[in-house]
Amino acid sequence: MDDPYRRYLSSMSGAGMHLVNIAQPPHPAPAALPSALFHDFTLQQAPDHHSAQQQQVLLQKRSKSKSRTSTLSADGSEAVKHKRTRSGCLTCRSRRVKCDEKRPVCERCQKGGRECVYPEPKGSAKEATRSAETSPQTTEKSDAGEGAAHSDRGRPRDPTQSLSSPMSSAGAPSNSPTDQPGQTPSPRTMGATSSWSHLPADIQRHLEWIADNITNLHYGIAHEADNFFESLLPQAALQDEALLNAVVAFASYLTTVQNPDGDLADFLRYHHRSITLLLEHFRKGEKHEISTLLTILQLAQIEEYLGDWVNVMGHQKAAFQVLDALFEPATAPRTPMGRMCFTWYARFDAYIAAVANTPSTLDPSWFEHMENFCRNQRALCPHESDWILAHEYIRIRRMRWQQNMLFTKRRQRQNQLDTSFGQEHEDLRQELVRFRQGWPPSIPRPEDIESRFGGREPTLDELFQTLEGGVMPELPSTEVTELYASWHLTMILHLIASPAMPSEELMSNVRKHAYSIIYYNEALRRRSSQGVLIGLQSMVQVACSVLRKDDHRIAMWVRRNLAEAEQMGSIQPARHREQMARDLNDPSIMRWWLPHDEGFTPMLRKVREFADERNDVARTAQQQDVREAKFLYELFAQMEIASQ
């Protein structure tokens with residue numbers, strides 16, 4: 001059966017294979033990952049919420065839907081399928097161009113001045129040694145753990161349930177919350193740190209860098225209380241080679257791009273190895289495990305940093321099928337792994353839905369169950385700030401989901417008179433207002449522009465006197481401030497899609513929300529870790545899209561922020577740079593954000609060139625919309641024209 005994800009992975013790895021379906025094989029065994037990652041609130045078996053017949057119907061619908069989407073080249077003509085090589089250099093494979101396989105340097109790399117990296121030959125002593133070293137070791141289970149893992153050979157709908165244990169992988173009592181009477185759960189879960197001394201020195205070095213530097217902020221997720229990215233994800237990676245290579249590739253990329261004398265060769269090798277192993281997993285029709293989902297999400301994260309949202313969309317569609325096969329909405333919230341798998345996936349899903357104006361792949365039950373779960377835990381632990389913030393964040397995500405579905409319905413019915421849109425739009429606006437008014441009293445509320453200037457819109461002089469001041473006001477924690485910034489972003493998106501004709505009053509409200517986002521970003525970037533800018537980057541872009549484009553101070557502030565983000569590895573796609581160059585009336589932005597190439601290192605130029613060439617082709621109309629963020633730019637343009 002035709003499988004776009006397999007085809008996509010093949011194009012990335014250079015390996016052409018027969019295509020098979022991505023769907024989950026029937027009744028696989030549970031995933032064998034450390035039990036500390038999956039401590040559940042209940043051991044009750046959850047039923048499969050899709051029967052085999054329903055799954056077949058869903059797959060047939062998806063297949064028909066995909067068959068109606070023609071494969072187009074960049075100019076709109078039918079794309080020609082080329083036979084892919086198995087032995088080209090990794091540089092050409094990642095750029096998706098034909099390699100002449102000349103060694104030691106192919107012709108394309110020689111002409112382009114790129115580093116030419118070939119994979120180790122199969123069967124070589126070096127490859128065999130490295131594969132043996134990097135293959136995860138199997139941890140022996142206790143008798144109790146063995147019994148829990150194999151008590152039921154059928155697939156549980158919550159794949160973590162059969163792995164649940166009252167003991168962590170180190171044998172110590174788990175800190176995970178339970179639903180037993182009289183207990184007050186905490187969302188913080190920290191498994192024992194697994195040893196990686198058996199791994200090659202380069203991989204150990206990258207894992208140590210992750211432990212010392214990586215936080216949830218590098219993944220664009222402002223709040224998570226389970227130490228997932230610092231601890232749980234690396235632990236899971238030690239159990240799966242594809243995931244290990246994906247995680248190490250991410251670390252290699254981040255360290256390389258910030259090194260003026262860096263080398264992309266190691267990143268390409270790790271990335272290629274992860275994709276090859278993932279492709280082999282699908283080729284063999286192996287059962288999908290949680291490590292499969294995490295590998296796909298980590299690869300999608302790399303694509304986001306490279307600015308390739310078309311490739312993110314490819315991973316996102318596959319991730320949903322695996323997520324839906326492994327979890328059901330009612331059970332996913334019960335474990336740290338389930339919560340983060342949903343949160344991580346939902347972040348990509350929300351962006352794709354917003355920029356392409358397409359419906360979310362998630363149905364409302366995912367958000368309802370997560371919100372109910374967090375609300376219940378908040379009630380059990382009323383003074384636990386982690387559960388309070390977890391509840392507030394899922395409320396914002398659920399309202400963003402409602403916003404997306406509302407906007408999608410409007411676009412689908414744009415030629416029909418639909419009076420219900422105005423009422424639904426107003427109902428959601430009122431809920432957003434209540435969110436702010438009902439801010440938890442135990443959580444300090446960050447000062448915003450509206451309160452700083454007595455509810456009125458500040459002048460640009462007042463704004464920049466604040467931004468350029470020597471001391472910014474003290475703000476609450478990063479996760480609290482980003483939550484409030486997310487609310488302002490949601491309000492901007494809601495206001496610019498208002499059914500009412502844009503007016504000066506409406507535009508003034510939009511600008512006040514935009515000023516608050518800029519205000520928060522400036523305060524956080526002065527005091528916080530590098531990862532903060534990654535999470536705020538999309539907010540800053542939206543905020544600046546609704547501000548005056550002719551003010552030099554705004555233009556330079558935006559350009560400096562985007563330059564800093566790229567210096568940390570978050571590359572802006574060429575299409576976005578084109579839009580910014582038009583908005584700010586400065587063609588030099590297409591080359592680099594700052595005058596005189598300030599901060600534009602040789603390494604960053606190589607990464608920019610690498611990313612631009614990979615991102616150049618969109619094969620379908622939907623991919624084109626995603627690559628160009630077409631829907632959002634159309635909204636901004638319509639509002640600007642109408643307000644004039």
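Sparse packing is recorded around CD of Glu505, with 12 or fewer heavy atoms of other residues, nucleotides or ligands lying under 6.0 Å away.
Distance alone, capped at 3.5 Å, is enough to place a donor-acceptor pair between the Thr255 side chain and the Ser252 backbone. Remark: side-chain polar atoms of Asp308 are not paired, donor with acceptor, to backbone N or O of Glu303 under 3.5 angstrom. A distance-only check finds a donor-acceptor pair linking the side chain of Glu566 to the backbone of Gln572 [under 3.5 Å]. Within the 3.5 Å criterion, the main-chain N or O of Lys512 finds a donor-acceptor partner in the side chain of Ser516.
Residue Ala319 comes nearest to Leu293 through the heavy atom pair O-CD1, 3.5 Å, listed as atom of the first residue, atom of the second, then distance. The heavy-atom pair separating Val480 from Trp439 by the smallest distance is CG1-CZ2, 3.8 Å. Between Arg400 and Leu489, the shortest heavy-atom contact is NH2-CD2, 3.2 Å. The nearest pair of heavy atoms linking Met313 to Ile352 is CB-CD1, 3.8 Å. Among all heavy-atom pairs drawn from Met539 and Ser486, the shortest one is CE-OG, 3.2 Å. The two residues Pro382 and Ile388 have their closest heavy-atom pair at O-CD1, 3.6 Å.
Taking the six-membered ring for Trp, Phe250 and Tyr219 have ring centres closer than 6.0 Å. Ring to ring, Phe229 and Trp344 are close: their centroids are under 6.0 angstrom apart. Between Phe348 and His315, the ring center distance fails the sub-6.0 Å criterion.
Residues Leu460 and Tyr515 meet the side-chain proximity criterion, which asks for heavy atoms closer than 4.5 Å. Considering only heavy atoms from C-beta on, Leu463 stays 4.5 Å or farther from Trp557 through its side chain. Side-chain atoms of Leu207 and Leu238, non-hydrogen and from C-beta on, do get closer than 4.5 Å to each other. Looking at heavy atoms from C-beta onward, Trp401 lies out of side-chain contact with Trp366 at the 4.5 angstrom threshold.
Just one residue in the list Phe327, Phe228, Phe320, Phe367 forms a ring pair (Phe, Tyr, Trp, His ring centres under 6.0 Å) with Phe342, and that residue is Phe367. The side chain to side chain donor-acceptor pair (under 3.5 Å) with Asn372 is formed by just one residue from the set Glu368, Arg375, His369; it is Arg375.
A donor-acceptor contact under 3.5 angstrom links the side chains of Ser231 and Gln235, judged on distance only. Side-chain contact of Gln301 with Gln298: a donor-acceptor pair under 3.5 Å is absent, judged by distance alone.
Salt-bridge formation is not detected for the pair Arg560/Glu522: no Lys NZ or Arg NE/NH1/NH2 atom is positioned less than 4.0 Å from an Asp or Glu carboxylate oxygen.
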